Trainee: 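Submitted below is the structure of interest, expressed as structure tokens.
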Amino acid sequence: MSDKEITNVDAENEVESNYQPPPQKTIEEILATDQEDESLRKYKEALLGAAQSEKIIVDANDPRKVIVKKLALCVPGRDDMELDLSGDLSKLKKQVFTIKEGIQYKIRIDFIVQREIVHGLKYVQKTYRMAVPVDKMTHMVGSYPPKAEIQSYLTPFEEAPSGMMARGSYSVTSLFTDDDKNEHLKWDWSFEIKKDW
């Protein structure tokens with residue numbers, strides 16, 4: 001977020017695109033197509049890994065395809081500040097991150113994909129100050145096959161705003177969604193921008 005973004009962004013405006021997501025296909029359907037093309041078959045096997053030979057279910061009690069585990073603010077030279085997204089999400093509003101003004105940071109999201117391939121994962125973050133929208137960022141995370149291990153996405157560097165007017169408390173609504181508009185997780189959290197750590 002820059003100083004300019006702090007004052008001029010309407011977080012509710014979205015640009016509609018003509019993009020239409022591809023139809024959903026199971027792993028079996030993907031593997032069954034183009035079997036005569038040896039190089040394409042090997043490429044699909046490399047991408048899908050273990051998911052092609054077994055149905056990967058990490059948590060049988062959780063019907064979701066994507067289980068979001070953690071969000072972390074990553075600042076060079078400091079320990080990552082983490083939000084545990086696997087517990088009671090209502091407690092996250094009380095956990096406030098302190099961010100030094102003007103620093104460069106990245107956001108890392110840790111998640112597990114189970115059952116089926118998920119297409120076009122997207123991270124959307126809307127930031128508010130005193131209930132007024134001040135910033136919105138959307139990151140295309142990508143498409144992922146099911147895996148028993150945690151997978152991560154790291155955003156490009158963002159810059160925290162600086163200056164006396166930028167200091168203060170902010171609330172954030174984060175959403176992890178996909179091309180099919182499945183809402184995998186939505187949560188609220190907050191941070192405070194200060195002159196120093």
Side-chain angles (χ1 to χ4, degrees), residues 1-16 59 62 64 66-113 118 120-142 144 149-179 181-197:
M1 288 189 299
S2 67
D3 285 331
K4 187 175 181 183
E5 290 171 319
I6 285 293
T7 56
N8 295 330
V9 173
D10 178 357
E12 299 306 319
N13 286 345
E14 285 198 37
V15 176
E16 290 295 323
D59 185 350
D62 194 329
R64 296 177 298 174
V66 179
I67 303 169
V68 187
K69 305 295 275 181
K70 195 181 291 182
L71 177 134
L73 286 176
C74 307
V75 178
R78 296 185 64 86
D79 290 339
D80 293 348
M81 298 176 275
E82 298 181 342
L83 284 177
D84 180 2
L85 302 174
S86 59
D88 183 356
L89 297 179
S90 65
K91 293 181 180 177
L92 298 179
K93 288 182 180 182
K94 297 177 186 136
Q95 183 181 342
V96 179
F97 287 141
T98 298
I99 301 175
K100 180 181 176 183
E101 64 179 357
I103 57 109
Q104 296 276 316
Y105 67 92
K106 293 183 179 187
I107 294 175
R108 188 188 78 237
I109 302 162
D110 297 340
F111 57 94
I112 293 174
V113 176
V118 64
L121 277 175
K122 189 187 326 181
Y123 174 67
V124 181
Q125 176 177 302
K126 294 180 181 179
T127 305
Y128 303 85
R129 186 162 187 199
M130 294 181 285
V132 176
V134 293
D135 185 47
K136 178 181 178 184
M137 69 175 178
T138 300
H139 289 283
M140 290 308 297
V141 176
Y144 291 81
E149 301 82 32
I150 289 180
Q151 302 184 67
S152 294
Y153 172 76
L154 193 63
T155 68
F157 273 111
E158 303 276 341
E159 184 174 332
S162 59
M164 191 171 71
M165 295 298 289
R167 291 179 210 138
S169 297
Y170 294 81
S171 61
V172 180
T173 298
S174 290
L175 171 65
F176 210 50
T177 184
D178 63 27
D179 277 349
K181 305 210 182 320
N182 295 314
E183 197 172 280
H184 299 293
L185 192 67
K186 186 174 186 177
W187 69 99
D188 295 316
W189 54 287
S190 55
F191 65 88
E192 188 173 3
I193 294 178
K194 293 188 173 181
K195 191 170 185 177
D196 212 336
W197 296 106

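Computed from a predicted model, the values in this text were never measured in an experiment.
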Trainee: Taking atom NZ as the centre, does K70 end up with more than 12 heavy-atom neighbours from other residues, nucleotides or ligands that are less than 6.0 angstrom away?
Mentor: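 Counting neighbours around NZ of K70, 12 or fewer heavy atoms of other residues, nucleotides or ligands fall under 6.0 Å, so no.
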Trainee: Supply the atom-to-atom distance I109 CD1 to Q151 CD, rounded to the nearest 0.5 angstrom.
Mentor: 13.0 Å
Trainee: When rounded to the nearest 0.5 angstrom, what distance separates CZ in R64 from CD1 in I112?
Mentor: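 The distance works out to 10.0 Å.
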Trainee: Checking the side chain of Q95 only, and the main-chain atoms of E82 only, is there a donor and an acceptor separated by less than 3.5 Å?
Mentor: yes
Trainee: Roughly how far, to the nearest 0.5 Å, is CG of L83 from CG of D110?
Mentor: 11.5 Å
Trainee: Determine, stepwise, if the pair V134 / Y128 fulfils side chain to side chain contact (heavy atoms under 4.5 Å, CB included).
Mentor: CA-CA 5 Å; V134 293; Y128 303 85; 5.8 Å; no
Trainee: Please report the C-alpha distance between D59 and I67 in whole Å, then the side-chain angles of each, then the deciding distance to 0.1 Å, and finally whether the side chain to side chain contact (heavy atoms under 4.5 Å, CB included) criterion is met.
Mentor: CA-CA 9 Å; D59 185 350; I67 303 169; 4.1 Å; yes
Trainee: Suppose we call two aromatic rings close when their centres sit under 6.0 Å apart. Are Y144 and F111 close by that rule?
Mentor: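 Between F111 and Y144, which both carry aromatic rings, the centre distance is below 6.0 Å.
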Trainee: Would R108 and D80 satisfy salt bridge (charged side-chain N to carboxylate O under 4.0 Å, His left out), going step by step from the backbone distance to the final call?
Mentor: CA-CA 9 Å; R108 188 188 78 237; D80 293 348; 2.8 Å; yes
Trainee: Strictly by modelled atom types, are Y123 and T155 linked by a side-chain donor-acceptor pair under 3.5 Å?
Mentor: no
Trainee: Is it the case that over 12 heavy atoms from other parts of the model lie below 6.0 angstrom from the CG atom of D88?
Mentor: yes
Trainee: Once rounded to the nearest 0.5 Å, what's the spacing between atom CE of M140 and atom CG of D179?
Mentor: 5.5 Å
Trainee: Is the closest side-chain donor-acceptor distance between T98 and W197 under 3.5 Å?
Mentor: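 No.
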Trainee: For a quick test of reading the model, state the closest non-hydrogen atom pair linking H184 to L121 and the distance between them.
Mentor: CD2-CD2, 3.8 Å
Trainee: Please lay out, stage by stage, how E101 and K195 fare under the test side chain to side chain contact (heavy atoms under 4.5 Å, CB included).
Mentor: CA-CA 6 Å; E101 64 179 357; K195 191 170 185 177; 3.8 Å; yes
Trainee: From K122 NZ over to K181 NZ, what is the distance, rounded to the nearest 0.5 angstrom?
Mentor: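 Result: 5.5 Å between the selected atoms.
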Trainee: For the pair S171 (side chain) and S190 (backbone), establish whether a donor and an acceptor sit closer than 3.5 Å, ignoring hydrogens and angles.
Mentor: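 No, the answer is negative, given that no donor and acceptor are paired below the 3.5 Å cut-off.
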Trainee: When the ring centroid of F97 is compared with that of W189, is the distance short of 6.0 Å?
Mentor: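 Here the rings of W189 and F97 have centres that are less than 6.0 Å from each other.
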